[in-house]
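Just below is one structure, and these are the notes that go with it.
Worth knowing before you read on, the calculation uses all heavy atoms, side chains too, and leaves out hydrogens, waters and symmetry mates. First the proteins, then the strands, lettered A, B, ... as listed; each starts at 1.
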Amino acid sequence: KAGVTQTPRYLIKTRGQQVTLSCSPISGHRSVSWYQQTPGQGLQFLFEYFSETQRNKGNFPGRFSGRQFSNSRSEMNVSTLELGDSALYLCASSLVVPGKGGEQFFGPGTRLTVL
Amino acid sequence: AQKVTQAQTEISVVEKEDVTLDCVYETRDTTYYLFWYKQPPSGELVFLIRRNSFDEQNEISGRYSWNFQKSTSSFNFTITASQVVDSAVYFCALSAPGQAGTALIFGKGTTLSVSS
């Protein structure tokens with residue numbers, strides 16, 4: 001079974017631009033979560049989707065948004081990029097519905113660099 | 001508030017040594033889940049284990065073992081006879097799901113370096 005896939009793997013943008021990252025979960029998984037990883041802040045939760053609905057959101061500004069499609073694929077968008085948005089963005093999928101503490105399986109991540 | 005503390009930032013050992021990675025968590029929830037993930041240099045987080053708060057049985061999987069103690073709010077991870085391939089960053093994480101979802105709260109990670 002294929003794992004979580006994320007595209008693109010690497011991205012370079014300039015301040016003020018916007019970016020869209022894509023995530024395809026493991027087949028059959030309907031829960032998708034996004035995390036940001038930086039050297040300073042570590043791994044931080046962004047949001048979680050299940051059945052096309054956002055179920056949980058981390059403490060990030062409104063410039064960070066996401067959505068989930070009917071096939072469970074998810075995208076996240078960051079508008080008006082700032083230098084501090086440079087990070088590894090990780091997507092995770094789970095077979096278990098939200099609220100049940102299921103294992104989350106991570107993709108390889110998208111490394112975003114903002115210049 | 002929920003929190004995970006991994007006090008060891010970096011550990012260096014020589015192959016075949018045993019090594020224990022510490023994890024201390026904080027939560028007021030009675031139902032919660034604890035996880036360990038491995039992040040090799042490639043960057044992908046690899047799931048290692050999940051435990052729920054009602055199961056304090058220790059677990060062994062090959063060279064890996066986990067010690068969960070609710071009395072001390074700890075969930076420590078031991079690698080026996082370490083190998084160079086064990087070199088990675090290891091993260092302990094907590095999930096205290098409720099109606100809101102299943103966000104993982106991660107510790108800062110412990111970088112393990114195993115030399116030959």
Side-chain angles (χ1 to χ4, degrees), chain A residues 2-6 8-10 23 25-26 29-51 53-60 66 68 87-112, chain B residues 1-10 21 23 25 27 29-55 59 61 66 68 75 88-111:
Chain A
V4 178
T5 58
Q6 292 186 246
R9 292 294 310 279
Y10 301 92
C23 170
I26 293 171
H29 288 196
R30 293 164 61 196
S31 290
V32 174
S33 297
W34 289 88
Y35 294 82
Q36 180 197 65
Q37 184 175 26
T38 60
Q41 299 300 316
L43 281 154
Q44 294 184 287
F45 169 74
L46 278 159
F47 20 66
E48 177 182 35
Y49 288 89
F50 178 78
S51 292
T53 302
Q54 187 179 89
R55 295 296 300 265
N56 199 4
K57 189 177 192 305
N59 188 24
F60 278 82
Q68 186 182 34
L88 180 65
Y89 289 89
L90 293 161
C91 170
S93 75
S94 178
L95 184 62
V96 179
V97 298
K100 299 299 182 184
E103 299 93 331
Q104 295 189 31
F105 298 94
F106 285 80
T110 294
R111 185 161 298 281
L112 171 65
Chain B
Q2 297 165 4
K3 187 179 177 182
V4 175
T5 302
Q6 294 180 256
Q8 304 150 309
T9 306
E10 295 183 19
L21 309 182
C23 172
Y25 63 91
T27 181
D29 294 87
T30 55
T31 300
Y32 54 89
Y33 300 85
L34 296 165
F35 303 81
W36 275 95
Y37 284 87
K38 173 183 179 179
Q39 188 174 42
S42 61
E44 187 168 339
L45 281 167
V46 178
F47 167 79
L48 295 177
I49 190 171
R50 165 187 177 269
R51 303 297 281 178
N52 72 54
S53 54
F54 300 107
D55 183 2
E59 181 153 341
S61 176
W66 291 270
F68 175 29
F75 186 43
V89 183
Y90 290 86
F91 292 95
C92 180
L94 165 71
S95 173
Q99 297 175 355
T102 323
L104 289 173
I105 298 162
F106 286 89
K108 293 295 187 184
T110 296
T111 300

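Judged by distance alone, the side chain of B:Tyr37 and the main-chain N or O of A:Phe106 form no donor-acceptor pair under 3.5 Å. A donor-acceptor pair under 3.5 Å is absent between the side-chain atoms of B:Lys108 and the main chain of A:Leu43, judged by distance alone.
Here A:Glu103 contributes atom CD and B:Leu48 contributes atom CG; the two are 11.5 Å apart, rounded to the nearest 0.5 Å. Taking CZ from B:Phe106 and CD from A:Gln37, the interatomic distance works out to 8.5 Å, rounded to the nearest 0.5 Å.
For chain B, the option among A:Ser31, A:Gly109, A:Gly107 with the highest count of heavy-atom pairs below 4.5 Å is A:Gly107. Your options are A:Gly58, A:Gly102, A:Gly3, and the one with the most heavy-atom pairs under 4.5 Å with chain B is A:Gly102.
Counting only residues at least two apart or in different chains, salt bridge (charged side-chain N to carboxylate O under 4.0 Å, His left out) contacts with residues 31-51 of chain B comprise B:Arg51-B:Asp55, B:Arg51-B:Glu59.
Residues of residues 87-96 of chain A lying under 4.5 angstrom from chain B, judged on non-hydrogen atoms, are A:Leu88, A:Leu90 by number.
Interface remark: A:Gln44 contributes no atoms to any contact with chain B (heavy atom separation under 4.5 Å). Interface remark: A:Tyr35 contributes side-chain atoms only to the contact with chain B (heavy atom separation under 4.5 Å).
Taking both residues in full, the closest heavy atoms of B:Ser95 and A:Gly101 are given as OG-CA, 4.3 Å, listed atom of the first, atom of the second, then distance.
Annotation for B:Phe54: atom CZ counts as buried by contact number, over 12 foreign heavy atoms lying within 6.0 Å.
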